[in-house]
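Before any comments, here is the structure.
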Amino acid sequence: MSQVLSFEEALAVVLREAQSLTPTQRAEQVPLAQARGRVLAAPICTPRDLPPFDRSTRDGYALRAADMGARLRVVGQVRAGESWQGPSLAAGEAIELMTGAPLPAGADAVVMLEHVHAVDGTITLTAGREIAAGANVVPRGSEAHAGDTVLAAGEVVDAATVALAAGCGAATVTVFAQPTVAIIATGDELVELGNAQAPQPWEIYNSNSYSLAALAEAEGAIATRLPIARDTLADLKARLDEAALSDLLLMSGGVSAGKYDFVEDALAATGAEFFFVGARIQPGKPVVFGRRPRQHGGWQYFFGLPGNPVSTDVCFRLFVAPLLRALRGSRELTPCFVEATTGAAFAGKPELLRFLPARLEGGVNGVRVFPVEWQGSGDTAANARANCYCVVGPTGIGRGATARVLLR
Ligand SMILES: Nc1nc2c(c(=O)[nH]1)N[C@H]1C(S)=C(S)[C@@H](COP(=O)(O)OP(=O)(O)OC[C@H]3O[C@@H](n4cnc5c(N)ncnc54)[C@H](O)[C@@H]3O)O[C@H]1N2
Ligand code: MOO
């Protein structure tokens, strides 16, 4: 099957392939401090209860809530990092304690120091205040019990998961190896950055290799930018050979209908199977997805991304990112869309689902999405002014309507 699909059909094909993948079965141990952005290959269990003791959440006094109507005698103090060594708290007693300190035996609540009158080693509750058993205390094991799995395999490590892993004492974690991505930009008009010679007026800097590497790295991959392939079958084949060992191959340019668009031919010559050769989207209509056999068995997935830089960007986010997430072992594959109210109208195009560069603006009282003026899918300046893509059907969207937005 190789055809032009709707967006939904094309995404379903990518997700089908992604879900059929076993992530790079390679796993490795890394120090927790280097794990951000990696995907857990093994679950993390907590070896002890969280919290490991009944923890005070306030600076104040530990007491028995039932006693609080009376004046209480302060019989000691506990700081965070200490544990009360005296006898169990008796009726009419209180113990001064700090945030993070363990609740002394016999106490069942903590009152904030701002909520008492402290006089001559005694405290009374401020008029109008009440205190219930359990107040300002997080009971031992209420967040997790010893032996519980607190983070499952497939979880992407972010700052919050780093905090949890560290809280469980995990100095190292087991993560999937990062997928490798080879990037080949094609086109006779392209020049590489950093050349001593200024480009001719009709030449274009190769920006797609750089944006694709940035996108792939943001998805946790190791990206390699191969040299530009010129618009000949021979050059393309040479580059394809260089890319053979990577987990994923990304090509940009050379996939539309032009006389020198040889990417599909070059891929076909390496035994490629095409899942689709276009999607009814704009930008990005000529996008290609398939796989080709590896020399020693198995397949290498590839995308042929349209050369226009905004098309490259959109197609990466819609189709490449889900596959890359599967390769890196993540369980959350699908692109994230949110809903927002349009601040202005967006124009549609017959038979196409558009992903138009847009700005999401707003705050706690709601967000609105505005179109970014652009000169079409080659307009990197407009794309850089955008912070999302607004999804626009063939008939367009009026102002004040609800639209779907692809976050980036
Ligand atoms: N007759 C038709 N013409 C075009 C069609 C079509 O269906 N029929 N589709 C158009 C659409 S949509 C797109 S998108 C482009 C895609 O074309 P290609 O993927 O073949 O890309 P190129 O022709 O090689 O380049 C298009 C454009 O992008 C610039 N480019 C290419 N590579 C890079 C790069 N690495 N960095 C920066 N800019 C790049 C290139 O110079 C061109 O301006 O085809 C339409 N045409
Ligand atoms: O992907 Mo093309 O216009 O849709 O640039």
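Each ligand, and each atom within it, is numbered from 1 in the order the structure gives.
Ligand-side atoms of ligand 1 in range of Y205: 36 (N), 37 (C), range being under 4.0 angstrom from any heavy atom. In the vicinity of S311, heavy-atom distances shorter than 4.0 Å reach the ligand 2 atoms 1 (O), 2 (Mo), 5 (O). Set against the non-hydrogen atoms of N308, the atoms of ligand 2 under 4.0 Å away are 5 (O). Listed by atom number, the atoms of ligand 2 under 4.0 Å from P283 heavy atoms are 1 (O), 4 (O). Ligand 1 places these atoms under 4.0 Å from at least one heavy atom of S252: 35 (N). For ligand 2, the atoms sitting less than 4.0 Å from at least one non-hydrogen atom of G284 are 1 (O), 2 (Mo), 4 (O), numbered in the order shown with element in parentheses. The distance from ligand 2 to the heavy atoms of K285 drops below 4.0 Å at these ligand atoms: 1 (O), 4 (O). Using a 4.0 Å cut-off to heavy atoms of A185, the atoms of ligand 1 that qualify are 35 (N). Of all the atoms in ligand 1, the ones that sit under 4.0 Å from a non-hydrogen atom of S311 are 14 (S). Those atoms of ligand 2 with a heavy atom of Q282 less than 4.0 angstrom away are 4 (O).
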Should T232 and D235 be marked as a side chain to side chain donor-acceptor pair (under 3.5 Å) after you check the CA-CA gap, both sets of side-chain angles, and the distance that decides it?
CA-CA 5 Å; T232 65; D235 210 34; 5.0 Å; no
Apply side-chain contact (heavy atoms from CB on, under 4.5 Å) to T180 and T224, showing your working.
CA-CA 8 Å; T180 54; T224 304; over 6 Å; no
Begin with the C-alpha distance, continue with both residues' side-chain angles, and end with the deciding distance and a verdict on side chain to side chain donor-acceptor pair (under 3.5 Å) for N383 and T380.
CA-CA 5 Å; N383 201 35; T380 47; over 6 Å; no
List the steps and the verdict of side-chain contact (heavy atoms from CB on, under 4.5 Å) for L164 and L50.
CA-CA 10 Å; L164 179 52; L50 294 180; 4.1 Å; yes
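For atom 13 (C) of ligand 1, the candidate residues are T186, N308, D231, L212; the nearest heavy-atom contact is made by N308. The residue among G187, G307, G254, G284 with a heavy atom at the shortest distance from atom 24 (O) of ligand 1 is G254. The residue from I281, N208, V287 that puts a heavy atom closest to atom 32 (N) of ligand 1 is N208.
Between L360 and L407, some side-chain heavy-atom pair lies under the 4.5 Å cut-off. In this structure, F302 and V288 have side chains that are in contact, with non-hydrogen atoms separated by less than 4.5 Å.
Ligand 1 has no nitrogen or oxygen under 3.5 angstrom from a nitrogen or oxygen of K285. The N/O atoms of I281, backbone and side chain alike, include none that comes under 3.5 Å of an N/O atom in ligand 2. The shortest N or O to N or O distance between N206 and ligand 1 is below 3.5 Å. Taking only nitrogen or oxygen atoms, main chain and side chain alike, S256 reaches within less than 3.5 Å of ligand 1. Some N or O of V255 is nearer than 3.5 Å to an N or O of ligand 1, by distance alone.
To the nearest 0.5 Å, the span separating CG on L318 from OG on S311 amounts to 11.0 Å.
The protein heavy-atom contact nearest to atom 42 (C) of ligand 1 is E189 OE2, 4.0 Å. Nearest non-hydrogen protein atom to atom 2 (C) of ligand 1 is A257 CB, 4.3 Å. The shortest contact between atom 12 (S) of ligand 1 and any protein heavy atom is with P286 CD, 3.8 Å. The protein non-hydrogen atom at the shortest distance from atom 3 (O) of ligand 2 is S377 OG, 3.1 Å. Atom 37 (C) of ligand 1 has as its closest protein heavy atom S207 OG, 3.3 Å.
Screening F303, F276, F355 for a ring-ring contact (aromatic ring centres under 6.0 Å, His included) with F319, the sole residue that qualifies is F276. Checking each of E28, E155, E219 against R38 for a salt bridge (charged side-chain N to carboxylate O under 4.0 Å, His left out) leaves exactly one that passes, namely E28.
Sparse packing is recorded around CZ of R129, with 12 or fewer heavy atoms of other residues, nucleotides or ligands lying under 6.0 Å away.
Between E351 and K285 no salt bridge is recorded (no basic side-chain N to carboxylate O distance below 4.0 Å).
Under 4.0 Å from ligand 1, the heavy atoms of L190 that appear belong solely to its side chain.
For the pair R16 and F275, the distance from NZ or CZ to the six-membered ring centre is under 6.0 Å and the angle to the ring normal is within 45 degrees. Under the 6.0 Å distance and 45° angle rule, R225 counts as a cation-pi partner of Y210.
T149 contributes no side-chain N or O that, together with a main-chain N or O of L151, makes up a donor-acceptor pair within less than 3.5 Å.
Under the 4.0 Å distance rule, the nearest protein heavy atom to atom 15 (C) of ligand 1 falls inside the cut-off.
Y389 has its ring centre no less than 6.0 Å from the ring centre of F337.
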